Amino acid sequence: MDYNFQEIEKHWQEAWAKANAYKVSNESEKKPYYVLDMFPYPSGAGLHVGHPLGYIASDIYSRYKRLQGFNVLHPMGFDSYGLPAEQYAIQTGQHPEITTEENIARYISQLKKIGFCYDWDRQVKTCDPDFYKWTQWAFIQMFNSYYDTQLDKAQPISKLIAEWEANDPTWKTLSEKEQQERLMNYRIAYLADTKVNWCPQLGTVLANDEVSEGLSVRGGYPVEQRVMRQWCLRISAYAGRLLEGLDRIDWTESLKETQRNWIGRSEGAEMRFAIKGQDEPFTIFTTRADTVFGVTFMVLAPESEYVARVVTEDQRKAVDEYLDVVKHRTERERIADRKVSGVFTGSYAINPLTNTEIPIYISDYVLSGYGTGAIMAVPAHDSRDYAFAKHFNLPIIPLIEGADVSEQSFDAKEGKMINSGFLNGLEVKDAIKKMKEYITETGLGRVKVNYRLRDAIFSRQRYWGEPFPIYYKDGMPYTIPESELPLRLPEVSQFKPTEDGRPPLGNAKDWTYQGYPLELCTMPGFAGSSAYYLRYMDNHNDKALVDKQVNAYWGNVNLYIGGTEHATGHLIYSRFWNKFLYDLGYICKDEPFQKLINQGMIQGRSNFVYRYIGEGAPANQFISFNLIDNPEYKGKVQPIHVNINLVHNDILDVDAFRAWMPEYRNATFIYADGTTDVDNPYIGMASPKQYICGWAVEKMSKSMFNVVNPDDVVEKYGADTLRLYEMFLGPLEVSKPWDTNGIDGVHRFLRKLWGMYENVTDAEPTAEELRSLHKLIKKITWDIENFSFNTSIPAFMIAQTELAALHCDKKAILAPIAILLAPYAPHIAEAMWERCKEIGNRIEEIGFVIDAEWPRWEEKYLEESTQKYPVQFNGKVRFTIEVSKTMSKEDVEKVVMNDEQTAKFLNGQAPKKVIVVPGRIVNIVL
RNA sequence: GCCGCGGUGGUGGAAUCGGUAGACACGAAGGACUUAAAAUCCUUUGGCCCGAAACGGCUGUGUGGGUUCAAGUCCCACCCGCGGUACCA
């Protein structure tokens, strides 16, 4: 009976489909369990072997939960709005919807081949009007809400209006436009002039998490700072709750830490400094209130509102010049060029504690968006202030005992204060506290918590995204009625911006609502992915994003599996979006993803051939990897990426290589054994000469010819082997290269296991067989509960070896093994189960193995009558003894001490101490 | 710079509570089968040393210290690699 995996997999996939086996109902007596994968962006390249890693893990867990009797929601969908499809559309004129649909179809066919237990009826696509209707709906709710800082939650903005109507006499005197402008300062979704990351090449604004080191994450184009009127989401209002919520969810510490850093809470103080000759003071933010005695100058951000107030006539020209230079620097230039720069404003502030006059400067090392955009500079204890002071020759006053500030600043928050009036002698920590009390009491300032987290910029000047349900009247935005959603994305004559530089929607005909112009921007990528998990629960509902009862049944996601790359993007936005919907009472949980596991990346494993480029070398002669360090070749070979499909176990298929590209048609080789010609008496047969390729771990990419397509693996080995092997590669969370070299072993295991099901019998199992089985049940259960899938495969292999040695053919053993294997390799497990079903009648006649009951292990089968004790002398194992399991500690010691081998190792000495750890080990100390 | 994660054979990795380091798999070497090869099966496989043999010795989890009867595992210091992040006052 051959293991015909192609037939088995096709047969069972069809059988599941026919029986609707993965249909999930919202009405069930069973307990719910929600397992979610991060849905993919359907790119043109299709899935490579790295994508399914997390999907396989979540599929195993879903199937395990199902076998344990849970009603498991495990859906899949597509994050189908995004830049690549639109860039492609601009280049080719092809509508992004067409390419997107093609890509989705390809993804689905690839995913279906791997045998995931998705309920495809629950599929969502972010570009589907039935889906983005609810993205637009949520935006309207945000527009119509404000953040009530008293209640610490979002509230309908009508509440705020009612309050003003009742208590604020000026409200009624305002024109409608003025009222709208005032409300704009409170809405969760609001329009504002903000400094944005503008990417000229992409023609759009980008969010902070879409920019890395001054370049766009997508495409790597330069990004510059610009002030533009944009839609923003008031996510900063949620900073405290986003931070606090992390303590209640089961995510990895590193991911929580990344979010904590991104939210960036810092406790400090706001302080007012008087400006010499002016009545109005200005305010700075500091976390080092203890260092006020060492403030020797002040610095404003170039964009600070204070700049206009403090620049003197004498300095105006110099300041204008500086501001001009700063304005034209891109973010990237600013990061690359850390030279100290700045300009004196001509004004002085008064240090409120020393009453000295201190100069006010402008420099771009101070950021306008953080704190108040103005700082007090303490050069002795801040490295940036120090560099500035050295450059402009400003005084540096050390404030901490023993700090040497002649070469560099002393930034550490430790030591005893000096030169600091009433703070002298205090530890830094206490000094900060005391100064905070002082400024609060004297009215100089107040204690303040600042967050680094900024509001999310929500407009994109792009075509392929959700249209805003917004029109403009008298220059002010209004939402279109919810009853008219979805507002469909219009057809446009071209996907580029208009001739006069308006976003692509400006190319649409009649893009108006009741004669008023509609918003031309679209929403960013994270809009559609922020609440998609809710929609899976109830994706056919046209009355609500999700029905309240349905939401109450499923709750939130119990297990979310995906990559870390979303740590500061999707995973923050989604938490914010969810908390907002929770505030308004639409959903029942304030955190969307209870447990989150990050799967590692699968990297590529590239192969190389080495072209000989020494003097007089033949045109295309390649040197086997093991020879390239030989003196005659060293330094004279050029590594060339070779398509890994031409290589097996690092051995090159030389004929396939010659056929690969025209230039290699006449390639010659120096083989591993140093010979050059095929010296084989069996003409026309494969050569025993081997050309060994070099290898390296790199990113999986087309240009390195190291992309492995899961379809090819499924074709060659089957989906079950692919699934098992991806798990076998290593722990789920770590990144590792895809190395096909080991896949044969896993495939061999399945074949051997399958062979054991040829003639299943009804015979009674032996104690040994039961022990193997129950050991396996215990191990696999533990592994799945702990997401240690990689260690399960060896456990199966060991069980197979043990049972094969016992010639086990018993249903009582083999049927439960089919269940244990079902989460990992569902197709072959069904076939194995079927073989068992045909025999006898003791096991319940359940249709599919996926609906069986997860076996329980019983300790009684695991118990062995004897116990092996390794015997150590001074911690070194010398031999082992085997004694009765029930033997007492004292008796074990006696047996060991009476053993003749012990006498040998004691060599006449008396042991100082004998340690017996029951059930584990004996250690004799000499 | 800061934060996080990691470092175990030729390779991927295992060791779940401080208790026999290297499970399992790949690769390699040798053998069986074969005209040959592939496939399959069997044996060996961390390093070094002794030996006819071994249930022989030594050494060994990045480095150096420490705690312990016992350390890959705990503590201290350091080195290296990977990932994230930054003029955040």
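We use all heavy atoms of the structure for the numbers below, so side chains are in, but hydrogens, waters and symmetry mates are not. Proteins get letters first, then strands, A, B, ... in listed order; numbering begins at 1 in each. This one's a predicted model, so the numbers in the text were calculated from it and none came from an experiment.
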- prompt: Which whole number of Å gives the distance between the P atom of B:C48 and that of B:G13?
  reply: 25 Å
query: Hey, does A:V925 reach any base, or is it just sugar-phosphate, or nothing, if we go heavy atoms under 4.0 Å?
result: sugar-phosphate
task: Consider only side-chain N and O atoms of A:T564 and A:N598, and report whether a donor and an acceptor are under 3.5 Å apart.
output: no
- prompt: Counting only N and O atoms by type, is there a donor-acceptor contact under 3.5 Å from the side chain of A:R452 to the main-chain atoms of A:N261?
  reply: yes
message: Closest approach to the side chain of A:L367, judged atom by atom: which nucleotide of B:A14, B:C87, B:G19 is it?
response: B:C87
Nearest to side-chain heavy atoms of A:R748, which nucleotide of B:G4, B:C26, B:A89: B:C26
task: Could you measure between the two C1' atoms, the one in B:U85 and the one in B:A14, and give it in whole Å?
output: 34 Å
query: Considering heavy-atom distances to RNA chain B, does A:K868 or A:K779 have its closest nucleotide positioned more toward the 5' end?
result: A:K779
query: Contact class for A:P731 vs. all strands (heavy atom < 4.0 Å): base, sugar-phosphate, or nothing?
result: sugar-phosphate
query: Reckon A:R751 has a side-chain N or O less than 4.0 Å from the OP1 or OP2 of B:U40?
result: yes
- prompt: Roughly how many Å is it from CD1 in A:I793 to C1' in B:A25, rounded to a whole number?
  reply: 11 Å
- prompt: Partner of B:G27 by Watson-Crick or G-U wobble geometry, both contacts under 3.5 Å, or none?
  reply: B:U45
- line: As its Watson-Crick or G-U partner within any shown strand, both distances under 3.5 Å, B:C2 has B:G84
message: When the P atoms of B:G4 and B:U20 are compared, how many Å lie between them, rounded to an integer?
response: 31 Å
- request: Mind telling me if B:C17 is syn or anti? Syn here is a glycosidic angle within 90° of 0.
  value: syn
query: Pick the nucleotide of RNA chain B nearest each of A:T880 and A:L729; which residue has the one closer to the 5' end?
result: A:L729
- prompt: Is the A:Y725-A:Y717 ring centre distance short of 6.0 angstrom?
  reply: no
message: Is it the case that the side chains of A:S409 and A:D382 hold a donor-acceptor pair, with the cut-off being a distance below 3.5 Å and no angle test?
response: no
task: Determine the contact category for A:F879: base if any of its heavy atoms lies under 4.0 Å from a base atom, sugar-phosphate if only primed atoms, P, OP1 or OP2 are that close, otherwise nothing.
output: nothing
query: A:F749 near the nucleic acid: base, sugar-phosphate alone, or nothing, with a heavy-atom cut-off under 4.0 Å?
result: nothing
query: Which part of the nucleic acid, if any, lies within contact of A:V366, taking any heavy atom under 4.0 Å across all strands shown: a base, the sugar-phosphate backbone alone, or nothing?
result: base
query: Heavy atoms under 4.0 Å, any strand shown: does A:R260 hit a base, just sugar-phosphate, or nothing?
result: nothing
Atom-to-atom span, NZ of A:K752 to P of B:A39 - whole angstrom: 14 Å
task: Between B:U11 and B:U67, how far apart are the C1' atoms? Round to whole Å, please.
output: 35 Å
message: What contact category does A:N786 fall into here, base, sugar-phosphate, or nothing, at under 4.0 angstrom with non-hydrogen atoms?
response: nothing
query: Could you give the CH2-to-C1' distance, from A:W262 to B:C3, as a whole number of Å?
result: 15 Å
statement: Checking B:C69, B:C3, B:U59 against the side chain of A:N261 (C-beta onward), the nearest is B:C3
query: How close or far is atom C1' of B:C24 from atom CD1 of A:I798, stated in whole angstroms?
result: 6 Å
task: Could you state the atom-to-atom distance from CZ of A:R454 to C1' of B:C88 in whole Å?
output: 8 Å
- line: In whole angstroms, the gap separating C1' of B:G13 from OH of A:Y725 amounts to 11 Å
query: Would you say B:C69 has OP1 or OP2 under 4.0 Å from some side-chain N or O of A:K913?
result: yes
field: Ring geometry between A:F388 and A:Y361 (parallel below 30°, tilted from 30 to 60°, perpendicular above 60°)
entry: perpendicular
message: Mind checking if A:S266 touches a base, just sugar-phosphate, or nothing, with heavy atoms under 4.0 Å?
response: sugar-phosphate
message: Suppose we define a pair by two distances each less than 3.5 Å, Watson-Crick or G-U wobble; what does B:G19 pair with here?
response: B:C69
- prompt: A:F728 side chain: which of B:G19, B:U40, B:G12 is closest?
  reply: B:G12
Pairwise C1' distance, B:A70 and B:G19 [rounded to whole Å]: 7 Å
- prompt: For the pair made of CD in A:E257 and C1' in B:A86, what is the distance, rounded to whole Å?
  reply: 15 Å
query: Does A:N351 reach the main-chain N or O of A:V292 with its side chain, forming a donor-acceptor pair under 3.5 Å?
result: yes
- request: Consider only side-chain N and O atoms of A:S341 and A:Y322, and report whether a donor and an acceptor are under 3.5 Å apart.
  value: yes
Syn or anti for B:G31 (syn when the glycosidic angle lies within 90° of 0): anti
message: Could you check whether any side-chain N or O of A:Q259 sits under 3.5 Å from a backbone N or O of A:A567, counting only pairs where one atom can act as donor and the other as acceptor?
response: yes
field: Euclidean distance for C1', B:C50 against B:U40 (whole angstrom)
entry: 39 Å
- request: Between B:A15 and B:U8, how far apart are the P atoms? Round to whole Å, please.
  value: 15 Å
Side-chain (A:T902) to main-chain (A:V896) donor-acceptor, under 3.5 angstrom: yes
query: Between B:U34 and B:U16, how far is it from one P atom to the other, in whole Å?
result: 47 Å
statement: From CZ of A:R265 across to C1' of B:A89 the rounded distance in Å is 17 Å
- request: Please work out if A:Q872 contacts a base, only the sugar-phosphate, or nothing of the nucleic acid, heavy-atom cut-off 4.0 Å.
  value: base
query: Using a cut-off of 4.0 Å on non-hydrogen atoms, how would the nucleic acid contact of A:K876 be classed: base, sugar-phosphate, or nothing?
result: sugar-phosphate
message: What's the closest nucleotide to the side chain of A:Y370 if the choices are B:C88, B:U20, B:U16?
response: B:C88
statement: Of the candidates B:A86, B:C26, B:C69, the side chain of A:R452 sits closest to B:A86
